[in-house]
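In what follows, a structure is listed as structure tokens, so that the remarks can point back to it.
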Protein chains: 4
Amino acid sequence: MPEIKTRVTNQKLIRENRRKLINAVTKLFVEKGYDRTSMREISQKSGLTIGNIYNYIGKKEDLLFMVHDDMMEGVYEFDNIHTEWRNLNELRYYLKGAFVHTLEYKKEILLMYRQTWLLGEEALESLLAKEKVHILKLKGFLDEANKKGIAKIQDTEITANFIVYMISMLALRGWSLKGHKKSQGKLIDSLVSIIMKNLV
Amino acid sequence: MPEIKTRVTNQKLIRENRRKLINAVTKLFVEKGYDRTSMREISQKSGLTIGNIYNYIGKKEDLLFMVHDDMMEGVYEFDNIHTEWRNLNELRYYLKGAFVHTLEYKKEILLMYRQTWLLGEEALESLLAKEKVHILKLKGFLDEANKKGIAKIQDTEITANFIVYMISMLALRGWSLKGHKKSQGKLIDSLVSIIMKNLV
Amino acid sequence: MPEIKTRVTNQKLIRENRRKLINAVTKLFVEKGYDRTSMREISQKSGLTIGNIYNYIGKKEDLLFMVHDDMMEGVYEFDNIHTEWRNLNELRYYLKGAFVHTLEYKKEILLMYRQTWLLGEEALESLLAKEKVHILKLKGFLDEANKKGIAKIQDTEITANFIVYMISMLALRGWSLKGHKKSQGKLIDSLVSIIMKNLV
Amino acid sequence: MPEIKTRVTNQKLIRENRRKLINAVTKLFVEKGYDRTSMREISQKSGLTIGNIYNYIGKKEDLLFMVHDDMMEGVYEFDNIHTEWRNLNELRYYLKGAFVHTLEYKKEILLMYRQTWLLGEEALESLLAKEKVHILKLKGFLDEANKKGIAKIQDTEITANFIVYMISMLALRGWSLKGHKKSQGKLIDSLVSIIMKNLV
DNA sequence: TATGAATGAGCCTTCATTCAT
DNA sequence: CATGAATGAAGGCTCATTCAT
């Protein structure tokens with residue numbers, strides 16, 4: 001992970017101001033995108049002066065990394081807590097929860113898909129590493145389920161990818177399902193069913 | 001569809017130079033994104049002088065729309081030719097073809113997911129309308145398959161969306177499956193199987 | 001007078017197209033000013049293609065000269081017909097007419113005051129010469145009136161200037177007298193009275 | 001009055017740099033006109049970098065307003081000090097002074113007549129309001145003179161307008177009286193006489 | 001003569017970044 | 001640590017003018 005240069009040493013202040021920055025920047029990037037958000041706007045929204053912001057970052061791009069890093073935590077937070085399941089019913093329950101959680105983080109996920117690639121190679125790699133860990137964990141569960149005879153999955157790696165992707169689909173597909181007559185609940189049920197069919 | 005202003009009347013010239021523009025701009029937008037591509041670069045790559053470019057468009061954003069519109073055609077071109085299928089085997093064959101075709105348009109699809117939202121309301125609507133037509137067509141086939149007893153699909157609308165999305169997943173997932181040890185063929189087979197399981 | 005270069009030789013065509021040009025350009029310059037009127041607008045309004053316009057002028061500035069020259073004719077046309085007067089009553093009558101005429105050419109006069117100075121020295125001189133002739137003519141009448149004992153004017157040159165200027169004042173002052181509660185007729189009467197007081 | 005946007009908060013700096021801007025811009029606008037003066041020239045002449053200029057204004061047009069506003073102050077400054085007069089002799093003395101003052105501001109007045117109309121509605125209104133106040137003040141004095149029996153003016157409103165305009169005439173007429181053989185003193189005397197004749 | 005596409009310098013404005021205070 | 005004025009390169013876009021057809 002590329003270390004963001006900072007000249008600030010007072011630890012509490014650092015944390016506070018970085019939080020202010022991330023909150024402001026997340027909103028702005030979600031709303032207008034990285035390239036269309038100016039440092040002046042960030043300064044206004046965060047309450048830090050432009051000059052001071054540059055005490056916490058080396059260049060504007062660092063903000064993009066900061067915000068991604070922070071969002072990843074939120075997006076994957078659910079999985080860090082709830083990934084344990086012992087049978088298919090528990091998996092189904094887990095998936096529903098994951099979908100609901102995804103819908104809550106819809107904007108952030110969209111932001112990730114839209115803006116991450118603007119980061120340079122190095123920063124990008126480090127972010128993708130996190131996702132890979134998440135997928136591998138899921139694959140581990142699927143392998144185990146296969147072994148236990150609970151599931152009968154042909155290719156657990158592809159399936160793990162498929163599940164993770166299906167989940168984010170809810171967020172990404174937003175613009176196309178807009179005006180969809182189905183209720184959110186029914187939509188989630190359908191998607192969960194689709195996934196479940198592939199595990200047995 | 002938003003009419004793109006042009007000062008040129010010669011239809012042949014419009015066609016030729018807009019093609020030059022689209023070719024240049026597609027590469028540049030894929031590479032650097034819309035906001036980071038300058039009119040000067042576009043001028044160089046397209047071989048048209050800046051002033052002349054503005055004889056064919058009203059504003060830079062028109063290029064974004066043009067390139068999307070053009071890509072849509074490419075991406076959906078496959079479906080316009082091959083959507084007819086009469087049994088599940090033919091559907092499986094069609095899906096394989098669609099996946100292969102998608103991989104060819106990988107870059108363009110990525111571009112669409114990353115940059116489309118930058119478009120203004122009007123242009124956006126017009127593009128989404130096209131996609132909706134495509135999905136509705138697929139839904140029609142699924143409904144018919146249900147009626148004929150070939151398939152047994154619970155919610156054809158969600159399934160149609162699901163299929164379309166699965167297809168583009170191949171393109172979007174690029175960065176995550178990078179380094180994946182599976183061969184492309186095997187990957188496609190797995191994804192097709194996943195889809196097929198949901199139709200019976 | 002600086003000759004405007006022209007490559008066109010067919011005399012009738014020349015006259016027609018120059019008229020089209022002048023009419024279009026007068027309206028546009030009055031409305032938006034010289035610098036804010038583009039050749040494209042002139043082309044559209046006149047019905048001549050841009051390229052063809054350049055068969056009649058050497059550069060855009062020539063249009064400014066053309067339009068001034070043409071307007072001068074209109075503005076001073078009244079004086080060419082009506083300057084003869086034999087007593088103060090006839091002068092008073094003449095002045096009223098001049099004021100009314102001025103109001104009709106209000107826009108053109110404004111244009112002259114606002115845009116003439118954009119012309120280079122040479123063109124400017126030639127235009128001012130015309131006005132000087134007009135003033136001298138008026139001065140001649142005043143001198144004669146003095147000699148005849150009809151009037152008793154101290155400085156006929158300044159007075160002639162004063163009269164000419166008073167007349168154009170009606171046009172120039174437009175923006176300040178806007179919302180003036182007086183009727184136009186009464187305003188003219190007052191101004192004529194002011195002038196007349198200075199002749200006896 | 002349209003508030004001119006500024007990003008700078010330090011009042012002293014605002015005053016200093018706006019003054020630099022006005023000084024530079026007045027010269028340039030008088031010389032070449034608003035539309036023909038580029039921001040680059042303004043930057044050079046004022047000593048402020050282009051970017052910094054935009055810390056003190058919102059858009060180029062603001063400079064036109066600023067310079068007008070500033071000139072108004074100069075042009076009317078004389079009246080703010082000297083408008084008191086108790087008899088016709090004092091009025092005559094005041095008028096002479098006003099004429100001399102006007103000649104000093106010749107260039108500025110020309111600028112006003114030539115460029116004011118380029119301003120947008122809002123800015124224009126605010127400038128005309130200032131002039132109206134000035135004319136009304138003069139009208140007040142004339143009304144009072146009428147009441148006191150010092151003067152005998154038929155229409156004080158038109159007369160007030162007339163006087164104000166006669167004064168600026170000296171500036172506007174510059175190009176026409178150029179080469180005039182009269183001395184400036186004698187010219188002023190004549191114009192004052194013309195005005196005085198209309199007050200009794 | 002007439003056409004209108006092509007040229008490219010130049011316009012106004014914004015922006016990330018620096019640095020004296 | 002914090003401030004915010006200053007920098008100037010770079011951005012999108014317009015325009016008078018030319019010239020091959």
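Naming: A, B, ... by sequence-line order, numbering from 1 per chain.
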**Prompt:** For the pair made of CD1 in Ile53(B) and C1' in dT14(F), what is the distance, rounded to whole Å?
**Reply:** 14 Å
**Fill in**
Comparing nearest nucleotides in DNA chain F, the 5'-proximal residue of the pair Glu61(B), Thr49(A) is Thr49(A)
**Fill in**
Rounded to whole Å, the CZ-P distance (Arg18(D) to dA6(F)) equals 13 Å
**Fill in**
Rounded to whole Å, the CE-P distance (Met39(A) to dC15(E)) equals 12 Å
**Asked** Should Tyr56(B) be listed as having a side-chain N or O under 4.0 Å from OP1 or OP2 of dA6(E)?
**Response** yes
**Asked** Nearest of dC12(E), dT17(F), dC13(F) to any side-chain atom of Ile50(B)?
**Response** dC13(F)
**Item:** Along DNA chain E (nearest heavy atom to each residue), the more 5'-positioned of Asn52(D) and Gly51(C)
**Value:** Gly51(C)
**Selected nucleotide, minimal atom distance to Asn10(B) side chain, candidates dT14(F), dA6(F), dA5(E)** = dA5(E)
**Prompt:** Base, sugar-phosphate, or nothing for Arg40(B), non-hydrogen atoms under 4.0 angstrom?
**Reply:** base
**Message:** Please report the distance, rounded to the nearest Å, between CD1 in Ile42(B) and C1' in dG11(F).
**Reply:** 12 Å
**Candidate list Arg19(A), Lys12(A), Lys20(A), Arg18(A), test salt bridge (Lys or Arg N to Asp or Glu O under 4.0 Å), partner Glu16(A), passing option** = Lys12(A)
**Message:** Using a 4.0 Å cut-off on heavy atoms, which residues in residues 24-37 of chain B reach DNA chain E? List them by number, or say none.
**Reply:** none
**Message:** What is the distance, to the nearest angstrom, from the CZ atom on Arg7(D) to the P atom on dT14(E)?
**Reply:** 7 Å
**Asked** Expressed in angstrom and rounded to an integer, what is the separation of Leu48(B) atom CG from dT14(F) atom P?
**Response** 17 Å
**Prompt:** Is a donor on one side and an acceptor on the other found under 3.5 Å between the side chain of Asn17(A) and the backbone of Ile14(A)?
**Reply:** no
**Item:** Contact check, side chains of Gln115(C) and Arg114(D), non-hydrogen atoms, under 4.5 Å
**Value:** no
**Among dA2(F), dT1(E), dC11(E), the nucleotide that comes nearest once only the side chain of Asn17(A) is considered** = dA2(F)
**Request:** Identify the two heavy atoms, one from Ile57(B) and one from Ile4(B), that lie closest to each other, and give their separation to 0.1 Å.
**Result:** CA-CG2, 3.9 Å
**Message:** Considering every strand and a 4.0 Å limit on heavy-atom distances, what is the contact class for Thr9(B): base, sugar-phosphate, or nothing?
**Reply:** sugar-phosphate
**Item:** Closest nucleotide among dT17(F), dA5(F), dC15(F) to the Asn55(D) side chain
**Value:** dA5(F)
**Asked** Where are the stems of DNA chain E, defined as at least 3 consecutive Watson-Crick or wobble G-U pairs with both distances under 3.5 Å?
**Response** E:2-21 with F:2-21
**Fill in**
By nearest-heavy-atom nucleotide on DNA chain E, the more 5' of Glu41(D) and Gly47(B) is Gly47(B)
**Request:** Would you mind reading off the distance between Lys20(C) atom NZ and dA2(E) atom P, rounded to a whole angstrom?
**Result:** 9 Å
**Salt bridge Lys32(B)-Glu41(B), side-chain N to carboxylate O under 4.0 Å** = yes
**Message:** Quick check for you: to the nearest 0.5 Å, what is the distance between Thr116(B) atom OG1 and Phe65(B) atom CZ?
**Reply:** 11.0 Å
**Prompt:** Can you check whether Met66(A)'s main-chain N or O pairs, donor with acceptor, with Asp70(A)'s side chain at less than 3.5 Å?
**Reply:** no
**Complete:** On a heavy-atom basis, the closest approach of Ser43(D) and Ile53(D) is CA-CD1, 3.7 Å
**Message:** Any base atoms under 4.0 Å from Leu13(B), or only sugar-phosphate, or nothing? Heavy atoms, all strands.
**Reply:** sugar-phosphate
**Request:** State which residues pass ring pair (Phe, Tyr, Trp, His ring centres under 6.0 Å) with Tyr34(D); sequence neighbours excluded, sorted by chain then number.
**Result:** Phe29(D)
**Item:** Phosphate-side-chain proximity, Tyr54(D) and dA5(F), N/O vs OP1/OP2 below 4.0 Å
**Value:** no
**Message:** Working to the nearest 0.5 angstrom, can you tell me the gap between Lys60(B) NZ and Ile42(B) CD1?
**Reply:** 6.0 Å
**Between dA2(F) (P) and Leu21(A) (CG): distance, integer Å** = 11 Å
